[in-house]
Structure formats: structure tokens, C-alpha cells
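Here is the structure we will look at.
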There are 2 protein chains.
Amino acid sequence: MTAETPRYFDDFEVGQRFKSRGATLSEAQILDFAWQYDPQPFHLDKEAAAHWGYDGLIASGFQTLLVGFRLFFQENIWTAASLGSPGMDEVRWLLPVRPGDTIHTEAEVMEARASRSKPDRGILKMRYEIYNQRGEMVMSFIANKIFRRNRLEPEETAEN
Amino acid sequence: MTAETPRYFDDFEVGQRFKSRGATLSEAQILDFAWQYDPQPFHLDKEAAAHWGYDGLIASGFQTLLVGFRLFFQENIWTAASLGSPGMDEVRWLLPVRPGDTIHTEAEVMEARASRSKPDRGILKMRYEIYNQRGEMVMSFIANKIFRRNRLEPEETAEN
């Protein structure tokens, strides 16, 4: 399957793994994001961060989540098929992300379940892991996503 | 307790509820956020959103999460005490948020657990609910947060 072939629900298999390219988070990006969405002292104030045991400024966990998500999105793995997400579970912030760190995202398909009520779609459960440049996992989460199907199974239609 | 009194771990009780003020999400804000973090068609393209069954542009669920979090932060309920968060669970996007919607956040303390290994802190589990202007719940999540304690229990020190 080439990069140009859109993937739909039926093109995914449990166990498949994907990996994104990386992005570096600068101190300015960390500060800007914190001002807008998460102005806790350890995201905004180097001195406070050191004082509170964080050994310097750390990125908001939400920024790690969003940048990691965005990097994965850019790989165009499910862009054509996505109908949105009902939610996430087990969102875990494991290690600090610091100015100058470079993160990338890897994901594995955990479950694939065709919808019984709506034969044009299915739900994929994927586990996402975000790593820094040292190969340390800084974050993980499990996301459910609704995907369009590229074909209908006759038995799926009959089950409506 | 006045708004100026900092709250620490021991000032919270299971069952306490809090409510933030609101914020309106404009179409421009929704589009800007989507370009930066979640450029899926239904967040960026009114025509695609209508075509894919969303009846028009909808905000990224991540934007709802971040704005809801920020609104709650501004109430200064746990700003003094927060040492960060190990994670979230049961993040659920329940209803679309549309341009012109106004959201606010409510939260309830579900559990409070003092740390055995570090007597200067405890973990609070809080359930957050984000509502729109019609009183409909658009999102919910459970967040664990590490809080500083404003006093030490002698038995907590002995357990180290």
C-alpha cells in the first residue's frame, strides 16, 4: 500500500504498528502553549519549575499530547477514514518533556470492531506512545476512533 | 474560604463540586486551533463537515478539552497546590461543539489519597464535565492530580 492509497477501516489489522516523524519543542513554543492553555508555574517559570522539583521548565502534558497527535496525523495513515473519536483512555504522562526535546509518535492497532448498527463504519482502538530523542516513552494513551469502511460486508447489512 | 486563600490537598473533600465561568468558541478560533493541532476535515472545512454528517463545522475535541481545562484553571481552585498530573482516564467526547457555543467546566472530587512515600503530597481524582450553553454535557474526563499538602500528619511521616 503506497502512501497515496487511502486507508479505511478494513485496511487495518490488529497488531499493525505505525511510526511518525519527529518534532522538536522549543522553549518559546512551550511557554506560548502554556500561556494559552496550561499556565501552571512549571510550564511558564523556569525558576518555579526548578524550585518545585522539576529541574527546569517542562512542557504541558497537553502540548505533548497535541504535538504527538498532530505528528501522527501528518503521516496520513487514517486521514481519509476518520469520522472522529468518542474518546481516550489511560492517558499517562510518564516523563517530562523539556525545551529542545524531540518527540515522535508510534501507534499499534489493539482492536478493530465493525459497527453492527452502521455498516459503513467501524471502531479502531489504537495505543499511542510518544517517545523522546533518547527513546524514552514520555506519554501513552489509548484512543478509540470511528473509521469509514471502504466496502460493506453483506452480513453486516443484514444485521441492521 | 475566600478566593484568595490557597487550597492545598487537605482543603479538598470527596464530593466537593466546583464550577468555572464560561467562554465562547468562535469559528475563527476553531479553524485556527484545527490548523495547528487537529486538521481533520470536519474541523477545517464547513462543506466537508456537512457532507460527513456533522451538520457543519465542529471544534476539535482537544480544543474543548483545553479550553475547558483553562477555564477551570482560571478559577484558581488548585493553582497553588498542583504538582502536575500523572494522567487522565475516561476522556469522552459526547456532543459536538460548534462555532458560537459557550462552554464551562464543572468538577467533583471523587477520591483523595495521601501519598505514603512522600508525605508532602497527595493525589486527588476529579471528574470534570464540560457543558454548553444549553446545559448539555459535551465532554467529560477523570483526571488525577498531585497536590501539595499544607500540613503533615505525624503518622504520614512515620510511614516513610
Side-chain angles (χ1 to χ4, degrees), chain A residues 23 29 32-44 48-49 51-54 58-74 76 78-96 118 120-121 139-146 148, chain B residues 23 29 32-44 48-49 51-54 58-74 76 78-96 118 120-121 139-146 148:
Chain A
Q29 286 176 314
D32 286 349
F33 184 95
W35 270 115
Q36 190 168 10
Y37 293 118
D38 192 359
Q40 298 188 70
F42 31 84
H43 302 318
L44 270 189
H51 174 71
W52 284 18
Y54 275 106
I58 63 170
S60 165
F62 291 123
Q63 185 170 24
T64 306
L65 171 63
L66 289 185
V67 172
F69 175 86
R70 184 75 170 84
L71 283 169
F72 195 80
F73 177 89
Q74 281 174 184
N76 216 27
W78 43 244
T79 308
S82 168
L83 290 171
S85 172
M88 304 185 291
D89 287 292
E90 298 179 39
V91 179
R92 296 290 178 261
W93 290 297
L94 305 167
L95 289 177
K118 293 180 182 178
D120 64 342
R121 60 195 68 183
M139 176 172 197
S140 66
F141 58 98
I142 292 174
N144 295 306
K145 210 162 183 70
I146 304 169
R148 293 166 64 188
Chain B
Q29 287 176 314
D32 286 350
F33 184 96
W35 270 116
Q36 189 166 11
Y37 294 118
D38 192 359
Q40 298 189 69
F42 31 85
H43 302 319
L44 269 188
H51 174 70
W52 284 15
Y54 276 106
I58 62 170
S60 165
F62 292 123
Q63 185 170 24
T64 306
L65 171 63
L66 290 185
V67 172
F69 174 87
R70 183 78 170 83
L71 283 169
F72 195 80
F73 177 88
Q74 281 173 184
N76 217 26
W78 43 244
T79 308
S82 168
L83 290 171
S85 171
M88 304 184 292
D89 286 293
E90 299 179 38
V91 179
R92 296 290 178 262
W93 290 297
L94 304 167
L95 290 177
K118 294 180 181 178
D120 66 341
R121 60 195 68 183
M139 178 171 195
S140 66
F141 58 98
I142 292 175
N144 295 307
K145 211 162 182 70
I146 304 169
R148 293 166 64 188

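Naming: A, B, ... by sequence-line order, numbering from 1 per chain. For clarity, every value in this text was computed on a predicted model and none was experimentally measured.
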Completion exercise
Max heavy-atom pairs within cutoff under 4.5 Å with chain A, candidates B:Ile58, B:Val91, B:Leu65, goes to B:Val91
Problem - Main-chain N/O of B:Asp89 paired with A:Asp89 side-chain donor or acceptor, under 3.5 Å - result: no
Handout entry: B:Arg70 side chain vs A:Trp35 backbone, donor-acceptor pair below 3.5 Å
Key = yes
Problem - Non-hydrogen side-chain atoms of A:Phe73 and B:Pro39 separated by less than 4.5 Å - result: yes
Fill in the blank from the handout: Applying a strict 4.5 Å limit to non-hydrogen atoms, the region of A:Phe33 in contact with chain B is side chain
Completion exercise
One should read off an interatomic distance between A:Phe69 CZ and B:Asp38 CG, to the nearest 0.5 angstrom, of 4.0 Å
Completion exercise
Honestly, the part of A:Ile142 sitting under 4.5 Å from a heavy atom of chain B is neither
Handout entry: Most chain B-contacting option - heavy-atom pairs closer than 4.5 Å, from A:Ser85, A:Ser140, A:Gly61
Key = A:Ser85
Exercise for the section: Examine distances only and state if a side-chain atom of A:Tyr54 and a backbone atom of B:Leu83 form a donor-acceptor pair shorter than 3.5 Å. Expected result: yes
Problem - Contact origin within A:Gln36 toward chain B - heavy atom pairs under 4.5 Å - result: backbone
Problem - Beyond-backbone contact of B:Leu66 with A:Leu66, side-chain heavy atoms, under 4.5 angstrom - result: yes
Practice task
Indicate yes or no for a side-chain donor-acceptor contact from B:Arg92 to the backbone of A:Met88 under 3.5 Å, with no hydrogens or angles considered.
Solution key: yes
Exercise for the section: Could you tell me the separation between the CD atom of A:Gln63 and the OH atom of B:Tyr37, rounded to the nearest 0.5 Å? Expected result: 5.5 Å
Handout entry: Separation of A:Gln40 CD from B:Lys145 NZ (nearest 0.5 Å)
Key = 4.0 Å
